[in-house]
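The chain is numbered in sequence order, starting from 1. All values below were derived from every heavy atom in this structure, side-chain atoms included, with hydrogens, water molecules and symmetry-related copies excluded.
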Amino acid sequence: MSRVLPAALLAACVVGGALLASRERFEAAHDATPEHLTDAAPAESTAPSRPLAKHDALPSLQHLPLAFIPNHGQWRTETLFSARSPSGRATLRADGLRLAVPFGQRGLHVVGLIFEGGTPITRPVGEQRLRGKYHYFLGASPEGWHTDVPAFTSVMMEDVYPGISVRYRDGGGVLEYDLILEADAALDDVRIRCEGVDSLSLAADGALLLHCAAGTLRQSPPLAFSLLDGESVPCRYRLLDRDVFGFELPGTLARTPVVIDPGLSWATFLGGNDGDGVGDMALRDDGSVILVGSTESDDFPVSPGAFDETFNNTLVFPADDAFVTCLDPTGSELVFSTYLGSLDLFDGAFRVDLADDGSIVVVGETQGDGFPTTAGAFQSTYAGGTIDVFVSQLDATGSTLLFSTLLGGSKSDGPKGVSTRSDGCIAVAGKTDSPDFPTSADAFRPNLAGVSDAYLTLLDPAESGPSQLTYSTFFGGSGPGDEAEFVSFLDDGSIVLAGFSSAAQFTTTPGAWIEDWPRNGAGFVTRFHSDPGQGLIYSTFATLEPDAAAVDSVGNVYLAGIQQDPTPTFFVPTPGAYDESSNGGLDTAVLRLDATGSTVEWATYLGGSLLDLPEDIAIADDGGVLLTGQTHSADFPVTPGAHQEVLSDWCDAYVVKLSGDGTQLLYGTYLGTLGFGCAFGAAVLGDGDSHVIVTGSPDGFDFVSTPGAFDEVANGIFVVRLALEPDFVSLGFALPGTLGAPKLVGKGGLSPGEDLSLNLTRANPNSVTALIIGFAQIDAPFKGGTLVPSANLVIAGLPIDAAGALMIDDTWPIGLPGGLQIFFQHWIIDPVGPAGFAASNGLQGTTP
């Protein structure tokens, strides 16, 4: 890791284009470059890794390099090499590859990729030997012991077909393979038969889907590039039979050496876990993500020292536990994770909020006695009926239960919202059928008015016993059902409640947006005083029955729901809104109600011609409105350069950012893959102005994670971090060398003091490089390639590690003008490249 960027860049700005390090000095550094190490850390092959998806998906417990271990007699003779990851294991045989992946509770399912008609390769070559050795002590006799077995990062099978070799390699902890074609090799010879697979199909994005009993294996659309100039070559899969596929280079056959990377990943397999569902998430100040939900999995990942490390179901039939999990800001590590539940009963966490001291407040449902409560809890035993509410507070490490109580009456009681005040008071809201649901003496409505009512309850964990209940009230009319979907404290301590009422006589206040409603069934928004015993600040009907709600720092309330057709009496978009017309089917509808509850400041439709259903809404740091949900519409609005611009299946998740005034679509994307399906129980959070985090439970398991994510195996929950706008633009012009075309990726941004990293991979191992930084794009011929930036600054002699990587990681300097375009490119000493050099792609960024 290098920290040379800010000072050097400021110096470049001062001298105004002076070349600080000459090319002669850079080239002279090559003389001191150590020879390539035989026993080195893993280096990638000549094939390029697939580019990371534009999202970061969260949740794998270990992320060591994938090791290919030769058979020295410790396995059956047909196994030539074996490789393992947390997601499964692979064996390389003379005719191809076998993958064994988890299936069911404890089983395995084997999928084979067999090179049909190819030459059996009995002596594959291990490449890039890893440090360390393996020892196998089989049986009591030394004859069965096999020690000092080496391991490699890749394995080459030469001439599987005439002029076509296959390399298996580590692709960031997962198995990948490449086809390496000599000039004029016959690609039509390649026929890969898939054993253990029911059928093959192609996804909308060109990926190959292998459908089998354990789920669906996804091979990303193949990448191909010329070994002579590093330029990409169009390539796609061919379906040759029910279980056979090949490749084609459209237009002409390759006339130069070509590498094809199909991007196989174990990460897309389904299996090994029971049902898991996410309820909600919260974002800590350090960028780590708190997730809560329910799980039937006895192997759900929990951390040592967590409050409850043991699954609480001992029976055959499913009985969920709640869970509370924290993932680090990169999505690569489990900070902590704990079960939370009662023995052999259903427990599920629905909502989470973070207290000012960093503790975690969770509300959910439980079905009987045994849920953990703390000493002095307001209600320590189950009150009866079908379900009770639990309110629990864990410390910031997830190891200690600070506060926990049940809440309910003799029938059904469920939570839909939670909020924590600065003094530690907890507000809970939801729906109750219980006439004996606990209320306080100053309740706004002390009795159940309908079949079910909304409720609002305030709890003080600092008190004990009955005193913990500081306020509690029913809220609703005499209709068949009322429920609160959302609750939030405002900065002044007042409380916003939003939900649904079926009662026309629901309590509203004079001057409210809608005081009277012409039919039964409508949304509502109500604001209580900071001392709720003093009554209501306002209460109004709403034209939306909210599926999701949010409130901003000044008290404006945002509602998201569904609408079918425009009706003058009901939902009416405002003039100048992003979308003033219904798009057919069921649209998402969004509105903002002002802090007085009297005026709708804007209202807009959002959707395509079929079903578009919202799941969650949140407010970004810059005031933009974030939404996620599910869409069946092929014409759902997306923005250019979005993560996914085309509907991949019958239903995808969607992620949207609207401007704070509701007039513009700032970002819109689909989120899914073939077989991924809709996202249920989804939640969305803003992560700064330019990123969003989305979580949910997919109706399907073909979603693709990013290499190095905490869990690359598709289970019941996904977590994704999306960049709403690119930090850097790749301009191309890479010049291939020893490991193919070097790749430069920028993360972070160019705001003063912002964290920035420039990550170079696939460079010549143990060599040196120069980082070229310029204020113009010149695209000049240089050393057989293209120099992208003007050479305002050259930082020479930067060391590349044994894996062919270099990361420059620092903060962006203060003092540079806004609107300045800055260009980056690495030039690497590399004897394989033209004139002894290789070059990365160029990057472009702009200072804000």
Side-chain angles (χ1 to χ4, degrees), residues 53-55 57 203-207 544 546-548 550 558-566 571 573 577-591 602-618 620 624-659 662-686 691-700 702-704 718 720-726:
K54 297 180 187 176
H55 62 269
D205 64 353
L544 279 181
D547 293 296
Y558 301 75
L559 304 180
I562 56 174
Q563 289 293 313
Q564 187 161 10
D565 293 314
F571 182 80
Y578 161 67
D579 188 351
E580 299 180 40
S581 302
S582 173
N583 300 286
L586 288 175
D587 276 358
T588 293
V590 192
L591 63 83
W602 56 263
T604 183
Y605 286 103
L606 174 68
S609 56
L610 294 178
L611 304 181
D612 311 290
L613 312 178
E615 289 278 350
D616 195 28
I617 186 171
V625 182
L626 306 170
L627 295 118
T628 189
Q630 51 181 273
T631 178
H632 298 251
S633 302
D635 54 353
F636 187 89
V638 297
T639 49
H643 164 69
Q644 180 184 327
E645 299 184 24
V646 179
L647 183 72
S648 65
D649 206 342
W650 69 282
C651 179
D652 276 353
Y654 72 74
V655 181
V656 160
K657 183 177 182 180
L658 295 170
S659 60
T663 62
Q664 300 178 65
L665 181 69
L666 302 179
Y667 182 82
T669 186
Y670 294 100
L671 182 61
T673 59
L674 184 64
F676 171 65
C678 300
F680 295 98
V684 64
L685 286 172
H691 289 81
V692 63
I693 299 175
V694 186
T695 186
S697 302
D699 180 22
D702 211 24
F703 190 77
V704 180
F718 70 87
V720 174
R721 185 174 186 261
L722 286 168
L724 301 181
E725 55 189 45

Completion exercise
Note: Ala550 and Ala618 closest approach over all heavy atoms is CB-CA, 4.3 Å

Exercise for the section: Tell me, with the steps shown, if Val656 and Leu665 meet side chain to side chain contact (heavy atoms under 4.5 Å, CB included). Expected result: CA-CA 7 Å; Val656 160; Leu665 181 69; 3.5 Å; yes

Exercise for the section: Could you check if a side-chain atom of Tyr578 sits within less than 4.5 angstrom of a side-chain atom of Leu658, using non-hydrogen atoms only? Expected result: yes

Handout entry: Beyond-backbone contact of Leu591 with Leu544, side-chain heavy atoms, under 4.5 angstrom
Key = yes

Handout entry: Least distance between heavy atoms, Val625 atom then Ser659 atom
Key = CG2-O, 4.2 Å

Handout entry: Residues which pass side chain to side chain contact (heavy atoms under 4.5 Å, CB included) with Ala577, listed by chain and number, not counting sequence neighbours
Key = Thr574, Glu580, Thr604

Problem - side chain to side chain contact (heavy atoms under 4.5 Å, CB included) between Asp579 and Ser581, worked out - result: CA-CA 6 Å; Asp579 188 351; Ser581 302; 4.1 Å; yes

Problem - Residue pair Tyr654 / Thr588, side-chain donor-acceptor N/O under 3.5 Å - result: yes

Problem - Under 3.5 Å: donor-acceptor pair, side chain of Asp587, backbone of Ala589 - result: no

Exercise for the section: To the nearest 0.5 angstrom, please state how far the CG atom of Leu626 sits from the NZ atom of Lys657. Expected result: 6.0 Å

Exercise for the section: May I have the step-by-step check of side chain to side chain donor-acceptor pair (under 3.5 Å) for Thr628 and Asp616, ending in yes or no? Expected result: CA-CA 6 Å; Thr628 189; Asp616 195 28; over 6 Å; no

Handout entry: Under the side chain to side chain contact (heavy atoms under 4.5 Å, CB included) test, residues paired with Ser609 that sit two or more places apart
Key = Asp635

Practice task
To the nearest 0.5 angstrom, please state how far the CG atom of Asp652 sits from the CG atom of Leu647.
Solution key: 4.5 Å

Problem - All side-chain hydrogen bond (donor to acceptor under 3.5 Å, both in side chains) counterparts of Asp547, not counting sequence neighbours - result: none

Problem - By ring pair (Phe, Tyr, Trp, His ring centres under 6.0 Å) - contacts of Tyr558 (at least two apart) - result: none

Practice task
Report yes if some heavy atom in the side chain of Trp602 is under 4.5 Å from a heavy atom in the side chain of Thr663; otherwise report no.
Solution key: no

Practice task
Quick one: closest heavy-atom pair of Pro637 and Gly607, and the distance?
Solution key: CD-O, 3.4 Å

Completion exercise
dist Tyr670:OH -> Cys651:SG (nearest 0.5 Å) comes out at 10.5 Å

Handout entry: From Leu627 atom CG to Ile617 atom CD1, the distance as rounded to the nearest 0.5 Å
Key = 4.5 Å

Problem - Side chain Thr639, main chain Tyr667, donor-acceptor under 3.5 Å - result: no

Completion exercise
NE2 of His632 to CG of Leu611, rounded to nearest 0.5 Å, is 5.0 Å

Problem - Phe636 side chain reached by Leu606 side chain, heavy atoms, under 4.5 Å - result: yes

